[in-house]
Visitor: 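This structure is in structure tokens; I'll ask about it shortly.
These values consider heavy atoms only, across backbone and side chains, with no hydrogens, waters or symmetry-generated copies. Because the structure is a prediction, the values reported are computed rather than measured.
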Amino acid sequence: MASINMSYIDPTTVMLIGIPGLEHVQFWIGFSFFVICVVALLGNIILLIIIPAERSLHQPMYIFLAVLAATDIGLCVAIAPKMLAIFWFGSCSMTFDACLAQLFFIHALQGIESGILLAMAFDRYVAICDPLRHTSVLTPFILVTMVLVVAIRAMVLVGILPVLIKRLHLFHSIVIAHSYCEHMAVVKLAAEDVRVNKTCGLLVGFTILGFDMIFILISYILIFQAVFRLHQKEARLKAFNTCTAHIFVFLEFYILAFFSFFSHRFGHVAPPTHILLSTIYLLVPPALNPIVYGIKNKVIRKRVAQIFFLNHQSQQ
């Protein structure tokens, strides 16, 4: 690695320092994130076992939930190993290309998760506003097409970000004040003009998260209008109850997402607070999603109970 006047030309490695200002306690913070990751992995793996095995769950909402579970597992795998290695073993170095790969996978999986939440909102809209056409609209072909479009959109748009970073050659530092390779945290290391990188980062964020959030909100405005037109109170409650799990997941994802997104670019949030919240934003929703849907669905609750009951019996 060459350095000239405290600058680095085409660095081959970077250093992730974890949570700046909390280095003395991040060893212990690592245990809380480890527990969250275990809960997320266990919960989502169970969903991926139950949904294909249970015929009554072969419905669009639960097929999308299975894709969401796979995405959440991918997020945990992309973030947790290196983050915990930093917290517990002080393994801070990372090759520059591996950092860009982590950046790509984290942000692409975020984009896929956002798109799947939009697909789930569309499913609820059709189920409530046009129930007689639900099965004819959301056919297996349409479901596969929606998932592929969501995945391709995220990979193509997010793929632009590491490509633009690779065109940069001069960096004033190789120390990333973060626990993982986040786009703006890497861009801020550059000693060159990064206006194109910042602009593209904003455009990608708004194209994915902004677009999805707007159409999810429109879907729920139409859903609530349809629900409140129902004459029977029981029918209104039943219709609304089918949306509560998705509303909770939608709110937790987008509130944390936009707070992390804007605080890193425009806010004056202390670095430790921002890094903790951005890590929570990435790891807590994957842990909560299977719990929320498991509590709301009797079939999932029953199958989970059977899994643990059988395991308990086999140990006796």
Side-chain angles (χ1 to χ4, degrees), residues 40-41 43-75 77 105 108-159 207-209 211-220 222-223 226-227 238-250 253 285-286 289-304 306-307:
L41 290 171
N44 287 294
I45 288 170
I46 289 173
L47 284 180
L48 288 177
I49 293 171
I50 291 173
I51 291 172
E54 185 61 50
R55 290 187 62 84
S56 64
L57 297 178
H58 294 179
Q59 303 171 29
M61 173 59 78
Y62 295 102
I63 292 170
F64 289 139
L65 180 58
V67 178
L68 191 67
T71 304
D72 286 340
I73 290 171
L75 268 174
V77 171
F105 282 112
L109 288 167
Q110 286 176 285
I112 292 171
E113 183 153 357
S114 177
I116 294 300
L117 290 176
L118 174 59
M120 294 170 89
F122 178 69
D123 168 73
R124 291 300 83 203
Y125 164 74
V126 177
I128 292 172
C129 298
D130 198 1
L132 297 178
R133 297 184 59 215
H134 186 243
T135 54
S136 62
V137 171
L138 291 169
T139 62
F141 175 77
I142 294 298
L143 296 180
V144 171
T145 302
M146 290 172 72
V147 172
L148 287 176
V149 168
V150 164
I152 292 169
R153 178 193 67 163
M155 289 188 290
V156 170
L157 290 176
V158 173
T207 302
I208 297 177
L209 297 182
F211 175 90
D212 293 348
M213 188 186 72
I214 289 168
F215 280 92
I216 290 172
L217 290 173
I218 291 172
S219 297
Y220 272 104
L222 297 174
I223 287 169
V227 168
K238 184 178 179 180
F240 183 73
N241 192 49
T242 64
C243 300
T244 52
H246 182 261
I247 291 172
F248 180 85
V249 170
F250 160 69
F253 180 85
N289 292 349
I291 295 172
V292 171
Y293 279 97
I295 290 172
K296 290 295 296 179
N297 186 276
K298 292 181 181 178
V299 176
I300 294 176
R301 286 203 309 269
K302 182 180 177 181
R303 290 301 296 268
V304 170
Q306 287 175 345
I307 290 171

Visitor: Answer yes or no: is there a side-chain heavy-atom contact under 4.5 Å between V249 and M120?
Guide: no
Visitor: If you round to the nearest 0.5 Å, how far is OH of Y220 from NE2 of H246?
Guide: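 Reported value, rounded in 0.5 Å steps: 4.5 Å.
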Visitor: For R301, what residues pass the side-chain hydrogen bond (donor to acceptor under 3.5 Å, both in side chains) criterion, not counting sequence neighbours?
Guide: none
Visitor: Going by heavy atoms in the side chains, are L57 and L65 under 4.5 Å from each other?
Guide: no
Visitor: For G111 and A154, which heavy atoms make the closest approach, and how far apart are they?
Guide: C-CB, 3.9 Å
Visitor: Show me the pairs that pass side chain to side chain donor-acceptor pair (under 3.5 Å) and involve residues 138-155, at least two apart or across chains.
Guide: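 Checked against side chain to side chain donor-acceptor pair (under 3.5 Å) - neighbours excluded - the pairs reaching residues 138-155 are R153-D212.
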Visitor: Taking it one step at a time, do C243 and V227 satisfy side chain to side chain contact (heavy atoms under 4.5 Å, CB included)?
Guide: CA-CA 11 Å; C243 300; V227 168; over 6 Å; no
Visitor: Minimum heavy-atom separation for A66 and L48, please, with both atom names.
Guide: O-CD2, 3.2 Å
Visitor: If you measure from OH on Y125 to NE2 on H134, what distance do you get to the nearest 0.5 Å?
Guide: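 Between Y125 OH and H134 NE2, I get 12.0 Å after rounding to 0.5 Å.
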Visitor: Any chance you could measure L117, atom CG, to I247, atom CD1, to the nearest 0.5 Å?
Guide: 12.5 Å
Visitor: Indicate the atoms forming the closest heavy-atom contact of V137 with I142, along with that distance.
Guide: O-CG1, 3.5 Å
Visitor: Of all the heavy-atom pairs spanning L143 and P60, show the shortest one and how long it is.
Guide: CD2-CB, 3.8 Å
Visitor: Can you see which heavy atom on E113 is nearest to which on L75, and at what distance?
Guide: OE1-CD1, 3.5 Å
Visitor: So L138 and F122, side chain to side chain contact (heavy atoms under 4.5 Å, CB included) or not? Walk me through it.
Guide: CA-CA 10 Å; L138 291 169; F122 178 69; 3.8 Å; yes
Visitor: Do N289 side-chain atoms and P285 backbone N/O form a donor-acceptor pair below 3.5 Å?
Guide: yes
Visitor: How close do I128 and A226 get, counting heavy atoms only, and between which atoms?
Guide: CG2-CB, 4.3 Å
Visitor: Rounded at 0.5 Å granularity, tell me how far CD1 in I45 sits from CD1 in I50.
Guide: 12.0 Å
Visitor: How long is the span from the CD1 atom in I208 to the CG atom in L118, to the nearest 0.5 Å?
Guide: 12.0 Å
Visitor: How far does CD1 of I223 sit from CD1 of I216, to the nearest 0.5 angstrom?
Guide: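 If I round to the nearest 0.5 Å, the distance is 10.0 Å.
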Visitor: Would you say the side chain of F253 lies within less than 4.5 Å of the side chain of L209, judging by non-hydrogen atoms?
Guide: yes
Visitor: With side chains defined as the heavy atoms from C-beta onward, is the minimum distance between M146 and F64 less than 4.5 Å?
Guide: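 Yes, their side chains come closer than 4.5 Å.
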Visitor: May I ask you to decide if the ring planes of F211 and F215 are parallel, tilted or perpendicular, using 30° and 60° as cut-offs?
Guide: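 F211 and F215: tilted rings.
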